[in-house]
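Beneath this line is the structure, given in structure tokens, with notes to follow.
When a ligand or atom number is given, it counts from 1 through the structure's own listing order. These values consider heavy atoms only, across backbone and side chains, with no hydrogens, waters or symmetry-generated copies.
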Amino acid sequence: MSNLHGKKILIGVTGGIAIYKVLDLISRLKKEGAELRIIMTKAATALVNPQTFQTMARCPVHTEMFKDEPTYDVEHIELAEDCDLALVAPATANTIAKLACGIADNLLTTTLLACKKPVYFAPAMNTNMLHHPATQRNIAMLREMGYGFIDSNSGFLACNIIGDGRMAEPQEIVEFMKTACTEKDLCGLRIMVTAGPTIERIDPVRYITNDSSGKMGYAIAKAALDRGAEVLLVSGPTSLEVPSGVQFTSVTTNEELYQAIDRDFEGIDVLIMAAAPADFRSEVVEDQKIKKKDALQLQLVKNRDIIGDFGQKKTHQTLIGFAAETEELVENAREKLRSKRLDYIVANDVSEPDSGFNVDTNRAVILSEKMKIALPLMLKREMADRILDLLKR
Ligand code: CTP
């Protein structure tokens with residue numbers, strides 16, 4: 001279940017042209033199961049009719065500080081208190097400036113000033129307005145006060161120029177909100193995650209590698225980061241985007257992977273070895289491309305067993321390995337757990353089409369000396385969280 005499920009999110013909509021993206025954002029947040037309440041400024045209602053937001057979000061849209069009909073509720077205080085977090089999107093230079101100065105001259109700014117929950121801004125404005133020293137100062141002041149910012153991107157703006165100030169995409173904002181809503185239960189842990197394959201050269205154009213996509217390791221790195229850990233990601237070649245906020249090291253060969261781990265091993269609390277290091281390398285790496293011939297014999301030599309070596313060296317570190325198996329899943333994994341001196345091993349049957357290499361899902365069995373947990377088919381991100389649950393103190 002999404003960690004936005006049941007979260008009460010107050011969305012403040014101000015009068016920026018990026019308002020059109022907020023309808024998509026609202027639809028995405030609804031799909032995640034969030035409960036929304038919306039405040040629109042007067043400028044926002046001049047761009048999009050509140051009815052559109054009301055229908056999309058299936059919640060009342062608040063616009064007026066003082067209504068014609070008498071009410072005894074103090075609306076801005078109720079709105080400020082009855083939410084888990086607030087998001088201002090698009091956040092114009094004007095609303096950002098007002099909040100930085102404590103100005104409360106409409107329902108949104110008054111509510112935000114009364115709100116003690118986390119508040120995030122998704123700025124959207126012309127590049128010059130964004131780079132103006134006053135705006136930069138206002139953003140810095142709000143950051144200093146503890147407000148969060150979902151940085152705008154660079155791109156084609158409504159004012160017909162290409163530059164900074166384009167509001168973050170709805171998908172990015174949802175991801176940011178999910179992270180913001182994740183319990184920081186791994187704070188204080190320094191976790192190294194390895195991911196992806198390694199490559200062993202045969203000649204300048206050929207190499208030995210394997211099918212690892214890196215998806216499981218990257219999912220663990222992102223989940224650990226979201227949960228407040230300090231994350232070091234050491235990765236072989238993959239096509240994946242590096243999660244921002246991790247300390248990233250790119251490696252190619254098995255030996256480079258070993259050296260990268262060794263550099264930081266002493267200072268980490270946990271090593272999660274999701275990488276699939278090549279078990280063999282060519283005894284000879286040719287300087288020139290090997291020419292075609294009728295038959296070619298390659299002499300392969302064994303690479304070091306990286307996690308096995310760190311299993312021998314470990315002092316305080318928790319070691320979590322993976323077992324990629326095509327038969328005798330639990331028996332083979334238990335043997336690896338013992339021989340490599342691991343604390344836990346995550347065993348998966350890589351011959352199944354929906355688990356193992358190159359897919360977004362996985363099913364696995366987690367083993368330690370004392371326990372066995374069977375994890376049914378789930379997204380790799382969910383599995384990442386289940387693996388990280390082992391580290392909760
Ligand atoms: N591993 C490692 N160094 C290697 C090979 C594997 O550190 N040279 C790690 C993997 O990252 C994984 C665990 O060891 O965490 C088990 O990997 P796996 O490929 O399942 O097993 P192997 O030890 O390579 O044994 P086999 O291929 O014979 O099953």
Side-chain angles (χ1 to χ4, degrees), residues 191-201 207-221 224 232-238 240 249-265 268 270-283 300-314 317-352 355-359 362-369 375 380 383-384 386-388 390-391:
I191 301 177
M192 179 183 276
V193 184
T194 69
T198 60
I199 281 178
E200 299 294 351
R201 285 255 152 232
Y207 54 75
I208 300 167
T209 189
N210 57 61
D211 274 333
S212 171
S213 63
K215 284 182 176 173
M216 192 66 238
Y218 277 60
I220 296 171
L232 295 82
L233 175 62
V234 183
S235 175
T238 76
L240 304 174
T249 308
S250 162
V251 296
T252 306
T253 63
N254 193 298
E255 192 52 29
E256 283 173 22
L257 176 56
Y258 175 85
Q259 295 300 339
I261 300 171
D262 198 41
R263 257 195 308 279
D264 287 301
F265 191 63
I268 60 172
V270 184
L271 171 61
I272 304 180
M273 192 77 186
D279 283 326
F280 303 99
R281 66 178 186 282
S282 181
E283 189 170 34
L300 300 183
V301 291
K302 195 170 162 225
N303 270 336
R304 67 160 100 218
D305 182 332
I306 301 176
I307 203 161
D309 286 1
F310 287 104
Q312 297 304 321
K313 276 192 186 185
K314 72 173 174 183
Q317 299 87 346
T318 300
L319 260 50
I320 304 180
F322 279 73
E325 304 295 343
T326 53
E327 56 183 352
E328 309 284 354
L329 182 70
V330 173
E331 295 72 10
N332 286 343
R334 204 170 275 294
E335 176 48 32
K336 286 177 189 172
L337 177 80
R338 264 190 228 113
S339 63
K340 296 175 191 247
R341 294 192 67 226
L342 306 179
D343 296 279
Y344 302 96
I345 193 153
V346 183
N348 54 357
D349 186 341
V350 287
S351 61
E352 297 270 344
S355 64
F357 293 138
N358 241 321
V359 285
N362 210 354
R363 84 161 60 73
V365 180
I366 303 181
L367 301 170
S368 74
E369 275 305 330
L375 300 178
K380 283 185 171 168
M383 186 162 290
R386 299 294 293 273
I387 295 166
L388 293 169
L390 299 168
L391 305 173

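In this structure, D305 counts as a contact residue of ligand 1, since one of its heavy atoms falls inside 4.0 Å of the ligand. Look at N254 and you'll find a heavy atom under 4.0 Å from some atom of ligand 1.
Distance screen at 4.0 Å: atom 19 (O) of ligand 1 has no protein heavy-atom neighbour inside the cut-off. For atom 8 (N) of ligand 1, a protein heavy-atom neighbour is found at a distance under 4.0 Å.
Listed by number with element, the atoms of ligand 1 under 4.0 Å from a non-hydrogen atom of D279 are 4 (C), 5 (C), 8 (N), 24 (O), 27 (O). Within ligand 1, counting atoms from 1 as listed, the ones closer than 4.0 Å to a heavy atom of I307 are 2 (C), 7 (O), 9 (C), 14 (O). Of all atoms in ligand 1, numbered sequentially from 1 with element shown, those under 4.0 Å from a heavy atom of A323 are 20 (O). Near G321, the atoms of ligand 1 lying under 4.0 angstrom from a non-hydrogen atom of the residue are 15 (O).
The distance from atom NZ of K302 to atom CZ of R281, rounded to the nearest 0.5 Å, is 11.0 Å.
Here the protein heavy atom with the shortest distance to atom 14 (O) of ligand 1 is K340 NZ, 3.0 Å. Scanning the protein heavy atoms around atom 11 (O) of ligand 1, the nearest turns out to be A275 O, 2.6 Å. Ranking protein heavy atoms by distance to atom 29 (O) of ligand 1, first place goes to K336 NZ, 2.8 Å. In this structure, atom 3 (N) of ligand 1 lies nearest to the protein heavy atom I306 N, 3.0 Å.
For E325, no nitrogen or oxygen atom sits less than 3.5 Å from a nitrogen or oxygen atom of ligand 1, counting backbone and side chain alike. When only interatomic distances are considered, the shortest N/O to N/O separation between A276 and ligand 1 does not fall below 3.5 Å.
Remark: the S351 side chain and the D349 side chain contain an N/O donor-acceptor pair separated by less than 3.5 Å. No donor-acceptor contact under 3.5 angstrom links the side chains of E327 and N332, judged on distance only. Side-chain N/O atoms of N348 and N362 include a donor and acceptor closer than 3.5 Å. Between Y258 and T253, the side chains place no donor N or O within less than 3.5 Å of an acceptor N or O (distance only, hydrogens not considered).
The two residues P197 and T209 have their closest heavy-atom pair at CB-OG1, 3.5 Å. Scanning all heavy atoms of the two residues, the minimum distance from I208 to S282 falls at CD1-N, 4.1 Å.
Closest to atom 16 (C) of ligand 1 by heavy atom, among F310, F280, F322, is F322. Ranked by closest heavy atom to atom 6 (C) of ligand 1, the top entry among S339, P277, A278 is P277.
The existence of a salt bridge linking R304 and E255 is confirmed by a sub-4.0 Å separation between a basic side-chain nitrogen and an acidic carboxylate oxygen. A salt bridge does not link K340 to E335: none of the charged nitrogens lies less than 4.0 Å from a carboxylate oxygen.
Checking side-chain atoms of N254 against main-chain N and O of P277 turns up no donor-acceptor pair under 3.5 Å.
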